[in-house]
Amino acid sequence: MTDLQSHLRDRLLTVLTDLGLDRAAAEPLLQLGPPKNRDHGDVALGAFQLAKLAGKAPPALAGEIAGKIGADGVIASAEAAGPFVNFRFARAALAKQVLTAIAANEAPYGPASGNGQVVCIDFSSPNIAKPFHIGHMRSTVIGNSLCRIHRHLGATVHGINHLGDWGMPFAKMMTAYMHWGDETELHKSPMRYMFDLYKRYSQAAKDDPALDAEAAKHFQALESGEDNAERRMWQFLRDESLQAFQGPYSRLGVTFDHITGESFFEDKMEAAMQRVTAAGVLEESDGAEVVWLKEQGIKQPCLLRKSDGTTLYHTRDLAAAFYREETFHPDRILYVVGAEQKLHFDQLEGVLKKMGEKVADAVEHVPFGLVLSKTEDGKWEKFASRAGNAVFLDEILDESVAKVRNVIAEKNPDLEDKEAVAEQVGVSAIVFNDLKNSRIKDVKFDWDAMLNFEGETGPYVQYACARLASILRKAETPVPAPDAIDFALLADAERVLLTMMDFGAAVQRAAEQSEPSVVTSHTIALAGEIHSYLREHHVLGAEPAVRDARLFLVDAARRLLTTGLGLLGIAAPERM
RNA sequence: GCGCCCGUAGCUCAGCUGGAUAGAGCGUCGGCCUCCGAAGCCGAAGGUCAGAGGUUCGAAUCCUCUCGGGCGUGCCA
């Protein structure tokens, strides 16, 4: 069954051709979209551009289109309203097309088969010499969602954790451990212990600048490639940290296809540097090796080697870009990294461009805003981790889960598996909150808002799923087959159906713009529509044919909400 | 100083790349559980889209400037 939108497009193009317009010229000008107000119709056509092409006034052309298109089995009506034409689909066709596609798990509601795109997504990438705190969460959950969205659309996805396991921060941690480290203490609570070491080092380095010099020496020794004390210490701390990070990752349901941190590129940086040299873009400046990008409007040069001979973040990212190009042949490489690092990625892209590397076109920084906390006087400011008051992600998740536990005790005390459900719902509330708004916006970390599970929240959408699952359980009969359904009986579900129909476009846009919040918004909208519908339309008590049709609708809604939440990396419990 | 980002209801945000009367949630006020899950639903109040110019049939959306706030700005990542 062809989908409704393309049927409408085809019919429109035929009509426009009859009206004397060139089909190829008209096609890109076909502005179809949801009307401002869904009471106007299901889909609206703005006739502005087409009118220009036809040399007519928009309202005149709109009138001609509306008059000429005529109803068929799919299109129920077409009405001109000024420069717009509002279309309405036949209710039975709308219900049948949308719901059977969802039931069959067909694209766009289900995963598409390969679309040929290869997408590398560099996300999370924490500096593992520091604890996993609230600030690390954004890249992790945004990147995780983007991986799922692109996979849903049929892309080959390489989710990459570009760990910060090299460079000065790690050298500082090593230095701290060499001075004060204790393995027994470390094993008691690795993340907390390393955070304490980190704090101790920062404090000590303020009074004693020699400490940073010592760290730099250790880094030099590490980068020498020799099997020395530094290397063994690095290996030890890396293993311990990485293991400690598994906790938050598994709670968030995040996995990676490649855990290739900065250290992975240790032996690939020389080749990368030679490539830069061969391209003739490397210059010496104050003892360092740099690439100037002034001609691209970037004033700060990209530093690739320090005057002490060691490498930098840029050097590793450059080597990583070459490696990814050769290994994966990506169409896009998304770097899910905070907006404060925009210059870094502009420089990376700039260097690749200056070298004439085509991978420059694939490089795409996906920036996001900061996490802010509320001050005493009600203002918002950046979370200060250096002051030693870092909020660990685990603590935030625990707090949320505890709140959910209370809500369950109050509203659903007989629930089985309370603990597992509390974990699912509590974690998802935090994740959902992070994915709710445009990623470039700063996240205002507000306990009250985050632990309020009413309105536009993760638990709200999950609650809709649980409610639908409950109806399906109580039906005590399997969901009827599609050919047993009289879809005309679902005319009253038009708002639910039209929202469902928007799903594909939402996922598409989320992928193009690297913006999971588009999917988040859609799940909220669909949950809202189905909640409203259920209020007015009882399922189980309806007469058999109506009951069957509504059961089919309920099942599809539950599936699509589950899919939508899945794209966000959020589980949909059957009960909560 | 320079570069980039943000500014929409009391608060937190949508607004689908220029189209119809600017929409949600929270909070406030008022309704709805003898009825499939009230973590829900329905309604009310609440906006000079920071401000000023410009572009055009049409601007919250594009351009310029101003004002607020934030981030960044050579050997950290």
A.B. asks: Quick one: label G167(A) by what it contacts on the DNA or RNA (base, sugar-phosphate, nothing), any heavy atom closer than 4.0 Å.
C.D. replies: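 Sugar-phosphate contact only.
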A.B. asks: Using a heavy-atom cut-off of under 4.0 Å over every strand shown, decide if Q462(A) touches base, sugar-phosphate, or nothing.
C.D. replies: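 If one applies the 4.0 Å heavy-atom cut-off, Q462(A) turns out to touch nothing in the nucleic acid.
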A.B. asks: With sequence neighbours left out, what residues match E262(A) under salt bridge (charged side-chain N to carboxylate O under 4.0 Å, His left out)?
C.D. replies: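 Salt bridge (charged side-chain N to carboxylate O under 4.0 Å, His left out) check on E262(A) returns R316(A).
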A.B. asks: Could you go over nucleotides 23-27 of chain B and give all protein N or O partners under 3.5 Å, atom names and distances?
C.D. replies:
{"residue": "rA24(B)", "atom": "O2'", "partner": "E456(A)", "partner atom": "OE2", "Å": "2.4"}
{"residue": "rG25(B)", "atom": "O4'", "partner": "E456(A)", "partner atom": "OE2", "Å": "3.3"}
{"residue": "rG25(B)", "atom": "O2'", "partner": "E456(A)", "partner atom": "N", "Å": "3.3"}

A.B. asks: Any idea which of rC4(B), rA20(B), rG74(B) is nearest the A44(A) side chain?
C.D. replies: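 When the side chain of A44(A) is considered, rA20(B) is the closest of rC4(B), rA20(B), rG74(B).
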A.B. asks: Is there a side-chain contact between H522(A) and T499(A), using heavy atoms and a 4.5 Å cut-off?
C.D. replies: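 Yes, side chains in contact.
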A.B. asks: Would you mind calling rC5(B) syn or anti? Take O4'-C1'-N9-C4 for purines or O4'-C1'-N1-C2 for pyrimidines, and syn is within 90° of 0.
C.D. replies: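 Nucleotide rC5(B) adopts anti.
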A.B. asks: Regarding D42(A) and R38(A), does a basic nitrogen lie under 4.0 Å from an acidic carboxylate oxygen?
C.D. replies: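 No, this pair does not count.
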A.B. asks: With a 4.5 Å cut-off on side-chain heavy atoms, are V366(A) and F345(A) touching?
C.D. replies: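 Not in contact.
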A.B. asks: Do K403(A) and F453(A) form a cation-pi contact, if we require the NZ or CZ to be under 6.0 Å from the six-membered ring centre and within 45 degrees of the ring's axis?
C.D. replies: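 Ring-cation test returns yes.
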A.B. asks: For rG37(B), take OP1 and OP2 only and decide whether either is under 4.0 Å from a side-chain N or O of K474(A).
C.D. replies: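 Result: yes.
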A.B. asks: Looking only at the side chain of Q513(A) (C-beta and beyond, no hydrogens), which of the listed nucleotides rG74(B), rC13(B), rU17(B) gets closest?
C.D. replies: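 So the nucleotide nearest the side chain must be rU17(B).
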A.B. asks: Is W380(A) near enough to rC11(B) that one of its side-chain N or O atoms lies under 4.0 angstrom from OP1 or OP2?
C.D. replies: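 No, W380(A) has no side-chain N/O under 4.0 Å of OP1/OP2 on rC11(B).
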A.B. asks: Over all strands shown, is I408(A) touching base, sugar-phosphate only, or nothing at heavy-atom distances under 4.0 angstrom?
C.D. replies: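 Touches a base.
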A.B. asks: With rounding to whole Å, what would you report as the distance between rG40(B) and rC26(B) at their P atoms?
C.D. replies: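 Approximately 7 Å lies between the P atom of rG40(B) and that of rC26(B).
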A.B. asks: Please report, rounded to the nearest Å, how far the P atom of rG72(B) is from the NE2 atom of H365(A).
C.D. replies: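 In whole Å, rG72(B) P and H365(A) NE2 are 13 Å from each other.
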A.B. asks: Quick one: sort the H537(A) and Y533(A) rings into parallel, tilted or perpendicular, breaks at 30° and 60°.
C.D. replies: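 Parallel, since the angle between the ring planes stays under 30°.
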A.B. asks: Please report the distance separating the P of rA20(B) from the corresponding atom of rG27(B), rounded so that it comes out in whole Å.
C.D. replies: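 To the nearest whole Å, 31 Å.
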A.B. asks: Can you tell me how far C1' of rC76(B) sits from CZ of F219(A), to the nearest Å?
C.D. replies: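 So the two atoms are 11 Å apart, to the nearest Å.
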A.B. asks: Is there a stack between Y463(A) and rG37(B), judged by ring centres under 5.5 Å and planes under 30°?
C.D. replies: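 No, Y463(A) does not stack on the base of rG37(B).
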A.B. asks: Between V425(A) and K441(A), which is nearer to the 5' end of RNA chain B once each is assigned its nearest nucleotide?
C.D. replies: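 Counting from the 5' end, the first nearest nucleotide belongs to K441(A).
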A.B. asks: Strictly below 4.0 Å: does R316(A) bring a side-chain N or O up to OP1 or OP2 of rA77(B)?
C.D. replies: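 For rA77(B), OP1/OP2 do have a side-chain N/O of R316(A) under 4.0 Å.
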A.B. asks: On a whole-Å scale, what distance lies between the C1' atoms belonging to rU28(B) and rU34(B)?
C.D. replies: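 It works out to 32 Å between them.
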A.B. asks: What pair of heavy atoms forms the shortest contact from M168(A) to D212(A), and how long is it?
C.D. replies: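 Heavy atoms of M168(A) and D212(A) come nearest at CE-O, 4.1 Å.
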A.B. asks: Of the listed nucleotides (rG74(B), rA39(B), rA77(B)), which one gets closest to any side-chain atom of V404(A)?
C.D. replies: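 In terms of side-chain proximity for V404(A), the closest of rG74(B), rA39(B), rA77(B) is rA39(B).
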A.B. asks: Once you round it to whole Å, what is the distance between P of rG40(B) and NE2 of H531(A)?
C.D. replies: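 Result: 7 Å.
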A.B. asks: Salt bridge or not for R550(A) and D492(A), using N-O below 4.0 Å?
C.D. replies: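 Judged by the 4.0 Å cut-off on N to carboxylate O distance, R550(A) and D492(A) do form a salt bridge.
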A.B. asks: When the C1' atoms of rA24(B) and rG46(B) are considered, how many whole Å apart are they?
C.D. replies: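 Roughly 14 Å separates the two C1' atoms.
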A.B. asks: So does N86(A) reach the base of rA20(B) with its side chain, donor to acceptor, closer than 3.5 Å?
C.D. replies: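 Result: at least one qualifying N/O pair found.
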A.B. asks: Ignoring hydrogens and angles, tell me if any N or O in the side chain of D548(A) forms a donor-acceptor pair with the backbone of P480(A) under 3.5 Å.
C.D. replies: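 No, D548(A) side chain to P480(A) backbone: no donor-acceptor pair under 3.5 Å.
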A.B. asks: Can you tell which of rG40(B), rC36(B), rG74(B) lies closest to the side chain of L303(A)?
C.D. replies: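 So the side chain of L303(A) is nearest to rG74(B).
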A.B. asks: Find the distance K306(A):NZ to rG74(B):C1' and express it as a whole number of Å.
C.D. replies: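 Rounding to the nearest Å, NZ of K306(A) and C1' of rG74(B) are 12 Å apart.
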A.B. asks: Any side-chain N or O of S438(A) below 4.0 angstrom from OP1/OP2 of rA14(B)?
C.D. replies: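 Affirmative; the distance criterion is met.
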A.B. asks: Would you mind calling rU55(B) syn or anti? Take O4'-C1'-N9-C4 for purines or O4'-C1'-N1-C2 for pyrimidines, and syn is within 90° of 0.
C.D. replies: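 Anti, since the glycosidic angle lies more than 90° from 0.
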A.B. asks: In whole angstrom, give me the gap between the C1' atoms of rA77(B) and rC71(B).
C.D. replies: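 Here rA77(B) and rC71(B) have their C1' atoms 15 Å from each other.
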A.B. asks: Please check: side-chain N/O of S139(A) versus main-chain N/O of V336(A), any donor-acceptor pairing under 3.5 Å?
C.D. replies: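 Side chain of S139(A) to backbone of V336(A), a donor-acceptor pair under 3.5 Å: yes, one is there.
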A.B. asks: Which is true for V518(A) with a 4.0 Å heavy-atom rule: it touches a base, it touches only sugar-phosphate, or it touches nothing?
C.D. replies: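 No contact at all - V518(A) keeps every heavy atom at 4.0 Å or more from the nucleic acid.
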A.B. asks: With P as the reference atom in both, quote the distance from rA60(B) to rC49(B) in angstrom, rounded to an integer.
C.D. replies: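 Straight-line distance between the two P atoms is 8 Å.
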A.B. asks: Would you call E289(A)-K306(A) a salt bridge at under 4.0 Å N-O?
C.D. replies: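 No, E289(A) and K306(A) are not salt-bridged.
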A.B. asks: Could you tell me which non-hydrogen atom of R405(A) sits nearest to which non-hydrogen atom of A422(A), and how far apart they are?
C.D. replies: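 Minimum heavy-atom contact is N-CB, 4.3 Å.
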A.B. asks: H40(A) side chain: which of rU21(B), rA77(B), rA39(B) is closest?
C.D. replies: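 The answer is rU21(B), which lies nearest to the side chain.
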A.B. asks: Considering only atom C1', compute the distance from rG47(B) to rU12(B) and round it to an integer number of Å.
C.D. replies: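 About 16 Å, rounded to a whole number of Å.
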A.B. asks: On a plain distance test, is the side chain of R467(A) in donor-acceptor contact with the base of rC36(B) below 3.5 Å?
C.D. replies: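 Check fails, no donor-acceptor contact within cut-off.
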A.B. asks: Base, sugar-phosphate, or nothing for H162(A), non-hydrogen atoms under 4.0 angstrom?
C.D. replies: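 Since no nucleic acid heavy atom lies under 4.0 Å of H162(A), the category is nothing.
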A.B. asks: Specify the separation, in whole Å, of atom CG of L61(A) and atom C1' of rC57(B).
C.D. replies: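 After rounding, the gap between these two atoms is 15 Å.
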A.B. asks: Take atom CZ of F48(A) and atom P of rC57(B), then tell me their distance rounded to the nearest Å.
C.D. replies: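 One finds 13 Å between P of rC57(B) and CZ of F48(A), rounded.
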A.B. asks: Within the structure shown, what part of the strands sits under 4.0 Å from D446(A) by heavy-atom distance: base, sugar-phosphate, or nothing?
C.D. replies: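 Contact class for D446(A): none.
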A.B. asks: Base, sugar-phosphate or nothing for L370(A)? Non-hydrogen atoms, less than 4.0 Å.
C.D. replies: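 The residue L370(A) makes sugar-phosphate contact but no base contact.
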A.B. asks: Choose from rC2(B), rC36(B), rC75(B) the nucleotide whose nearest atom is closest to any side-chain atom of K299(A).
C.D. replies: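 For the K299(A) side chain, the nearest candidate turns out to be rC2(B).
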A.B. asks: Where the side chain of E340(A) is defined as all heavy atoms beyond and including C-beta, which of rA39(B), rC13(B), rG72(B) is the nearest nucleotide?
C.D. replies: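 It is rG72(B).
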A.B. asks: In whole Å, I'd like the distance from the CG atom of L348(A) to the C1' atom of rA77(B).
C.D. replies: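 Rounded to the whole Å, the gap is 14 Å.
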A.B. asks: Could you check whether atom CD of E284(A) has more than 12 heavy atoms from other residues, nucleotides or ligands sitting under 6.0 Å from it?
C.D. replies: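 Yes, the 6.0 Å shell around CD holds more than 12 heavy atoms from other groups.
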A.B. asks: Give me the ring orientation class for F48(A) and F84(A): parallel if the planes are under 30° apart, tilted from 30 to 60°, perpendicular past 60°.
C.D. replies: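 Ring orientation, 0 to 90° scale: perpendicular.
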A.B. asks: Show me the dot-bracket string of RNA chain B, counting Watson-Crick or G-U pairs under 3.5 Å, with | for pairs to another strand and [ ] for crossing ones.
C.D. replies: (((((((..((((.....[...)))).(((((.......))))).....(((((..]....))))))))))))....
A.B. asks: What distance, rounded to whole Å, do you find between the two C1' atoms, one in rA50(B) and one in rC57(B)?
C.D. replies: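 Each nucleotide's C1' atom is 28 Å from the other's.
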A.B. asks: Checking all strands, does A466(A) fall into the base, sugar-phosphate, or nothing category for heavy-atom contacts under 4.0 angstrom?
C.D. replies: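 The answer is base, as A466(A) lies within the cut-off (heavy atoms under 4.0 Å) of a base atom.
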A.B. asks: Let me know the distance between NZ of K294(A) and P of rG3(B), rounded to the nearest Å.
C.D. replies: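 Between P of rG3(B) and NZ of K294(A): 16 Å.
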A.B. asks: Heavy atoms only, 4.0 Å cut-off, all strands: where does E536(A) land among base, sugar-phosphate and nothing?
C.D. replies: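 The residue E536(A) makes no contact with any strand.
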A.B. asks: Base, sugar-phosphate alone, or nothing: which one does R509(A) contact when heavy atoms must sit under 4.0 Å apart?
C.D. replies: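 Answer is sugar-phosphate: R509(A) comes under 4.0 Å of backbone atoms only.
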A.B. asks: Any side-chain N or O of Y460(A) less than 4.0 Å from the OP1 or OP2 oxygen of rC41(B)?
C.D. replies: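 Yes, within the criterion.
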